[in-house]
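Take a look at the structure set out below.
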Number of protein chains: 2
Amino acid sequence: MAAKGGGAQGKRPQRRVESVPSVQQGGSEPALSIERIVATAVELLDADGVDGLKMRRLAESLGAGAMSLYWHVDNKEEVFDLALDSVLEYRGPPPRGIEAAEWRGAIFHMLEDWRASMLRHPWSASLLPRRALGPNILNRLELLGRILSDAGVADADLNGAIWSLWNYVIGATITRANFDLSDDDMAAAQQRLAHLSEKYPTIERARLLLDNDWDGAFRKGLDFLLDGLVPRQ
Amino acid sequence: MAAKGGGAQGKRPQRRVESVPSVQQGGSEPALSIERIVATAVELLDADGVDGLKMRRLAESLGAGAMSLYWHVDNKEEVFDLALDSVLEYRGPPPRGIEAAEWRGAIFHMLEDWRASMLRHPWSASLLPRRALGPNILNRLELLGRILSDAGVADADLNGAIWSLWNYVIGATITRANFDLSDDDMAAAQQRLAHLSEKYPTIERARLLLDNDWDGAFRKGLDFLLDGLVPRQ
DNA sequence: ACCTGAACACCGTTCAAGT
DNA sequence: ACCTGAACACCGTTCAAGT
């Protein structure tokens with residue numbers, strides 16, 4: 001419920017140094033590890049959404065006994081936190097200084113990549129605002145802040161600028177991810193709207209629930225925001 | 001999971017015309033009704049969040065037998081849909097034509113009221129993008145579309161404009177609602193950040209996780225978006 | 001038409017126990 | 001150190017039954 005920030009490092013071993021790097025003997029599954037757990041959790045989430053992730057199923061998919069997971073993670077919440085952050089890694093443009101003229105492109109690239117990463121894992125966008133801020137998420141925020149700062153945003157305005165962009169990306173992606181899953185539903189909804197009433201003529205005329213250029217709308221809105229946040233000279 | 005649009009009118013009676021308007025005899029509870037169910041659901045959600053709403057608890061709070069609810073609603077999903085929409089009613093400015101110069105104020109008023117309504121019920125913002133579009137939500141979208149249209153937005157751009165504003169409001173409110181619940185957590189997170197690393201100097205310097213003027217930032221970003229969507233002459 | 005309790009099929013998590 | 005099954009305390013929902 002609460003937004004717990006900071007690192008996601010648990011009390012349990014993140015790495016074991018002594019163990020041979022997972023030598024697979026026979027057809028048996030490799031040993032459990034946080035990496036394997038997270039990777040499989042992402043697969044299940046991709047396949048069946050947030051509700052599709054159950055601890056028992058996750059263990060089963062890993063070929064492990066039902067309750068083995070609880071040695072590696074504290075609870076299901078932690079699985080969500082780790083899966084979310086694992087999906088948001090950013091390999092951006094080279095980390096060396098961004099030339100003055102390039103800041104706008106750098107921001108666009110990072111935010112569009114962010115959105116694309118989340119749309120590849122449609123469960124992730126709705127999770128992001130409620131969960132812990134893992135290292136990959138913090139990396140993106142740090143990068144965003146640095147670029148904006150380099151682009152000339154005053155320190156006093158920096159938080160406002162970062163959060164405005166965050167809010168916009170989150171909102172656009174959550175909406176898109178949810179509507180994306182249900183083209184049929186949306187068509188049906190638009191149908192029902194037409195039937196339902198003359199109370200919503202504008203929505204109906206605009207066919208609000210259909211035929212949207214989400215990607216274009218996203219870029220346009222982002223342009224507007226950036227124009228406002230960092231006026232072009 | 002899917003965004004089911006359209007009305008939320010179930011197959012069950014929305015109103016009973018014949019029954020006396022709920023004459024309460026003695027200390028006994030009035031009869032169950034969708035209205036009472038929804039009102040109590042909102043109370044529980046306000047008190048304990050999305051996870052705090054359980055069908056048994058809801059029935060108990062209504063003084064009804066555990067399973068009586070299922071005659072009135074199909075399932076828990078429907079309770080969410082109804083509770084959400086019930087919280088988003090808009091009594092806006094008088095419905096007569098808005099003068100040309102007033103459109104910006106009208107949009108601001110409606111969207112700030114929307115955000116405020118959701119912040120009063122912090123569970124509602126995260127629910128909005130995933131649930132059915134009830135009549136109150138559709139009303140707001142209709143109104144938004146009408147004002148934008150009157151303000152001069154071309155039909156071809158109308159959907160993009162509506163969704164941009166929707167996305168921004170949703171994103172801003174979800175973020176705010178979640179961070180709002182946990183001032184202590186955020187302070188702790190910022191602490192941990194400082195400890196954690198020199199990897200996030202910008203975030204740390206800006207104290208991103210603290211001291212934010214959320215309301216001001218919301219208005220500012222909204223201004224930028226509107227400037228872009230409907231250029232001032 | 002409206003309400004009810006018992007019962008079913010789950011779930012997350014704890015715990016004492018194994019190796 | 002790592003894994004396990006049995007068991008607990010829940011849930012949403014169905015159903016046959018009441019009035």
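Here is how names work: the chains are called A, B, and so on, in the same order as the sequence lines, proteins then strands, and each is numbered from 1. If you're wondering where the values come from, they're calculated on a predicted model, not measured in any experiment.
Residue pairs meeting the salt bridge (charged side-chain N to carboxylate O under 4.0 Å, His left out) criterion with at least one member in residues 107-119 of chain A, sequence neighbours excluded: E112(A)-R219(A), D113(A)-R140(A), R115(A)-D215(A). Applying the salt bridge (charged side-chain N to carboxylate O under 4.0 Å, His left out) definition to pairs two or more places apart or across chains, those involving residues 83-92 of chain B are E89(B)-R91(B).
A search for side-chain hydrogen bond (donor to acceptor under 3.5 Å, both in side chains) contacts involving W214(A) returns nothing, not counting sequence neighbours. Remark: E43(A) pairs with no residue by the side-chain hydrogen bond (donor to acceptor under 3.5 Å, both in side chains) rule, at least two apart or across chains. With sequence neighbours excluded, the residues that form a salt bridge (Lys or Arg N to Asp or Glu O under 4.0 Å) with R207(A) are D211(A). Not counting sequence neighbours, the partners of R205(B) by the side-chain contact (heavy atoms from CB on, under 4.5 Å) test are S149(A), D155(A), T202(B). Evaluation of the side-chain hydrogen bond (donor to acceptor under 3.5 Å, both in side chains) rule for W163(A) yields no partner, not counting sequence neighbours.
Distance E60(B) CD to dT4(C) P: 13 Å, rounded to the nearest Å. For the pair W71(B) CH2 and dC3(C) C1', the interatomic distance rounds to 10 Å; values are reported in whole Å.
Ring geometry for F179(B) versus W166(A): interplanar angle of 30 to 60°, hence tilted.
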Reading nucleotides 6-19 of chain C from 5' to 3' and marking B where a protein heavy atom lies under 4.0 Å of the base, S where only the sugar-phosphate is that close, and - otherwise, the string is BB---BBBB-----

Reading 5' to 3' and counting Watson-Crick or G-U wobble pairs with both distances under 3.5 Å, write the dot-bracket notation for DNA chain D, | for bases paired outside the strand.
||.|||||...|||||.||

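Between H72(A) and the phosphate of dC3(D), there is a side-chain N or O to OP1/OP2 separation shorter than 4.0 Å.
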